[in-house]
Asker: 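Got a structure here, written out as C-alpha cells. Questions coming.
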Amino acid sequence: MLNHEHLEPGQMLSRPAPLRITRALLASYAAVSGDHNPIHLDRAFARAAGMEDVFAQGMLVMAYAANILTSQVPPHCIRSYEGRFTALTQLEDILQAQAMITDTYDTATEKRIDVKIVVTNQWEEEKFTARAVLVFPFDTD
Amino acid sequence: MIDRKHIGKTLGSHIVTIRTDNLRRFARATGQNNPLYLEEGYARAMGHPALPVPPTYLFCLDFMQADPYAWLFDMGVNQHDLLHAGQYFLYHSPLYAGENVKISSRIADIYDKTGRKSGTLTFIIKETLVTTTTDTRDRLRLTSGGKIAEMRSTFAVRHTPTAAREQSHA
C-alpha cells in the first residue's frame, strides 16, 4: 500500500511480478474477457492478416499493468486510467511494468497524484504506456 | 473507406450481472495476486461488500453481448485489419460482484491519420457509458445519476496488411 503522507514526483511504485505471454494465456484471457477475436488465438488467421503469429490482446497488457495500481490503492481511489498500445506484444514476451509518480496536486474536491506507467518486454522494448490519476488519502472508504 | 455517416451512431445497450467467479477467473488470467480481487472473504474483511471489479474489467462487460463485433462488421471493418490503439477509463464509483450494470455505446468519431511507416489508418472512437441498474442508497451514485464509469476506445483500421509487419499501428 502506498503511504499517502510520503508522495513525491519521481517516486517509483513497487513492480508486479513479470507476465510471460503464451498461447495458453491468450486463450484464457479470451475466455474471461469475452473477446474471441481470432487474431489472438488462431495462427492461420493471424498470418492471413499479415502477422508472424498471434499476438497478445492489448487489454491483457493493460489489465496486467493495472495490477501496479490495484496493489497500491483501494478500488475507489483510482479516478482514471488511460493508455496507448505502442507496439504489438508477441508470444514469449515477458512483460514487466513500472510506474512512477509524476505529479501531486489538489483539485477543488480532492487530492490527486498522477502516475506514469510503462510496460516493456524482457528486451526493454516498450509495449504500452499509460497515465493513471489516483485520489488520496487511500482510506478503505 | 469507412463511411463518416456512422459518427454519432448509438450502438444500443445491454445489461450485465457482475459474477464473482468471472471476476476471479479474470484476476487469475491477468496476473493479479492481490487477495482483494480473488477471495470474497478477504474482500469482506477489508470492508467491501463483495469482490471489487478491477479497473479494466469494464471493457470486458462490453463484450458480454450476443455479437460484440457486429457494430464493426456493420461498418465494413474486417477483423484482420483491426487493432486496438488506445483505451481510456474514467471511474465515478467502484463496482462490485452481484451488481447489475447497463452498458451503452456510441461511435464518437471516425478519422484518418497518415503515418510515415504505418501509411493511412482509419481511427474509430467508441464511447461507452457504464451505469448501475442496482437499487442503491449510495449517495455518490445518486448524485452522479448512477454513473459508474465512462470508457473511450480507440481502434485503428489498417488499409494495407504490410503495415502490421512494421508494427507501427498506434
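This one's a predicted model, so the numbers in the text were calculated from it and none came from an experiment.
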Asker: Under 3.5 Å, which donor-acceptor pairs do the side chains of residues 33-41 of chain B form with other protein atoms, sequence neighbours left out?
Answerer:
residue : atom : partner : partner atom : Å
N34(B)  : OD1  : L36(B)  : N            : 3.0
N34(B)  : ND2  : T70(A)  : O            : 2.9
E40(B)  : OE2  : R44(B)  : NH2          : 2.9

Asker: Regarding R23(A) and D53(A), does a basic nitrogen lie under 4.0 Å from an acidic carboxylate oxygen?
Answerer: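 A salt bridge links R23(A) with D53(A).
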Asker: Is there side-chain contact between Q65(B) and W71(B), with heavy atoms separated by less than 4.5 Å?
Answerer: no
Asker: Tell me which of these, R28(B), Q79(B), R25(B), has more heavy-atom pairs under 4.5 Å with chain A than the rest.
Answerer: Q79(B)
Asker: What parts of residues 28-39 of chain A touch chain B if we use heavy atoms and a cut-off under 4.5 Å?
Answerer: S28(A), Y29(A), A31(A), V32(A), S33(A), G34(A), D35(A), N37(A), P38(A), I39(A)
Asker: If we ignore hydrogens and angles and just use 3.5 Å, is the side chain of R4(B) paired with the main-chain N or O of I2(B) as donor and acceptor?
Answerer: yes
Asker: By number, which residues in residues 93-111 of chain A have some heavy atom less than 4.5 Å away from chain B?
Answerer: none
Asker: For Y96(B) and H48(B), indicate whether the former's side chain and the latter's backbone hold a donor-acceptor pair under 3.5 Å.
Answerer: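 Such a contact is absent between Y96(B) side chain and H48(B) backbone.
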Asker: May I ask you to name which of A65(A), A66(A), P75(A) has the most heavy-atom pairs under 4.5 Å with chain B?
Answerer: P75(A)
Asker: Walk me through whether H84(B) and S153(B) qualify under side chain to side chain donor-acceptor pair (under 3.5 Å).
Answerer: CA-CA 8 Å; H84(B) 195 177; S153(B) 308; 4.6 Å; no
Asker: For E82(A), is there an ion pair with R131(A) - N to carboxylate O distance below 4.0 angstrom?
Answerer: no
Asker: For a side chain to side chain contact (heavy atoms under 4.5 Å, CB included) with V101(B), tell me which candidate from T133(B), L61(B), L58(B) qualifies.
Answerer: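 Result for side chain to side chain contact (heavy atoms under 4.5 Å, CB included) with V101(B): L61(B).
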Asker: Between K127(A) and L88(A), is there a donor-acceptor pair closer than 3.5 Å when you use the side chain of the first and the backbone of the second?
Answerer: yes
Asker: Please state whether the side chain, the backbone, both or neither of F55(A) comes within less than 4.5 Å of a heavy atom of chain B.
Answerer: side chain
Asker: Just by modelled atom types, is the L26(A) backbone N or O under 3.5 Å from a matching donor or acceptor in the Q57(A) side chain?
Answerer: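 Yes: the side chain of Q57(A) pairs with the backbone of L26(A).
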Asker: Sort by residue number and list every residue of residues 7-22 of chain A having at least one heavy atom under 4.5 Å from chain B.
Answerer: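 So far as heavy atoms go, L19(A) are the residues that approach chain B to under 4.5 Å.
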Asker: Using the ring of each side chain (for Trp, its six-membered ring), is Y57(B) parallel, tilted or perpendicular to F26(B), with breaks at 30° and 60°?
Answerer: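 Rings of Y57(B) and F26(B): perpendicular, as their planes differ by over 60°.
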Asker: Centre of F155(B)'s six-membered ring, under 6.0 Å away, within 45 degrees of the axis: is that where NZ or CZ of K126(B) sits?
Answerer: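 Because its charged atom misses either the 6.0 Å distance or the 45° angle limit, K126(B) does not stack over F155(B).
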Asker: Kindly compute the distance separating OH (Y64(A)) from CG (L25(A)), expressed to the nearest 0.5 Å.
Answerer: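 Here the interatomic distance stands at 11.5 Å.
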Asker: Is V118(A) reachable from L134(A) through a run of I, L, V, M, F, W or Y residues, each pair having side-chain heavy atoms under 4.5 Å apart?
Answerer: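 Each belongs to a different hydrophobic cluster.
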